[in-house]
Amino acid sequence: VIIHNHSSSFPVCCVCERKMPITLHHLIPKTVHPIYKKKGFSQEVLSRTIPVCRPCHNVIHNIADEPTLAEKYQTFEAIVQNERIKKWIVYAKKQKELGST
């Protein structure tokens, strides 16, 4: 899912804080929803997402496989505490925003 804001600027990525086109990252990846439904997780919990730009979304998915993301990175706070994500954030904040006109 890509969220486009048709105004002159894009929304802000919650990870790198740049104005960019936004995608929604499921905190519990959709591929493991059947497992988590059997564990008793509600649809509301399984539907929780965070707004991230595509580069940050890619980095999040590169830190671990989807079962591990579901187990260890179910919250925004857990994601941004990962060392690879911390390093990425430092780098990404130095990159150009796409939402500037």
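Sequential numbering from 1 along the given sequence is applied to the chain's residues. Fair warning: this is a prediction, and the values are worked out from it, not measured in the lab.
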Problem set entry | Tyr36 six-ring centre to Lys39 NZ/CZ under 6.0 Å and within 45° of normal | yes

Problem set entry | Backbone N/O of Gln43 and side chain of Ser47: donor-acceptor pair under 3.5 Å | yes

Exercise. Linking I/L/V/M/F/W/Y whenever their side-chain heavy atoms sit closer than 4.5 Å, directly or via other members, would Leu27 and Ile60 fall into one cluster?
Worked result: yes

Problem set entry | NE2-CZ distance between His25 and Arg48, expressed to the nearest 0.5 angstrom | 13.5 Å

For this session: Go through the steps to decide whether Thr23 and His57 satisfy the test side chain to side chain donor-acceptor pair (under 3.5 Å), and finish with yes or no.
Result: CA-CA 7 Å; Thr23 65; His57 205 161; 2.7 Å; yes

For this session: Measure the NZ-NZ distance between Lys96 and Lys19 for me, rounded to the nearest 0.5 Å.
Result: 14.0 Å

For this session: Flag yes if Ile22 and Phe76 sit in one hydrophobic cluster, no otherwise; membership is Ile, Leu, Val, Met, Phe, Trp, Tyr, and two members link when side-chain heavy atoms are under 4.5 Å apart.
Result: no

Exercise. Do the side chains of Leu69 and Val15 join up, straight or via other hydrophobic residues, at under 4.5 Å, putting them in one cluster?
Worked result: yes

Exercise. Okay, side chain of Gln74, backbone of Ala70: is any donor-acceptor separation there less than 3.5 Å?
Worked result: yes

Exercise. Once you round to the nearest 0.5 Å, how far does NE2 of His33 lie from NZ of Lys38?
Worked result: 14.5 Å

For this session: Flag yes if more than 12 heavy atoms outside Lys86 fall under 6.0 Å of its NZ atom; otherwise flag no.
Result: yes

Exercise. Under 4.5 Å between side-chain heavy atoms, hopping through other hydrophobics if needed: is there a path connecting Val80 to Tyr91?
Worked result: yes

Exercise. Can you hop from Val12 to Val52 via hydrophobic side chains spaced under 4.5 Å?
Worked result: no

Problem set entry | Value rounded to 0.5 Å, distance of CZ in Arg84 from CD1 in Ile79 | 13.5 Å

For this session: Kindly say whether Pro29 contributes a backbone atom to a donor-acceptor pair with the side chain of Glu66 at under 3.5 angstrom?
Result: no

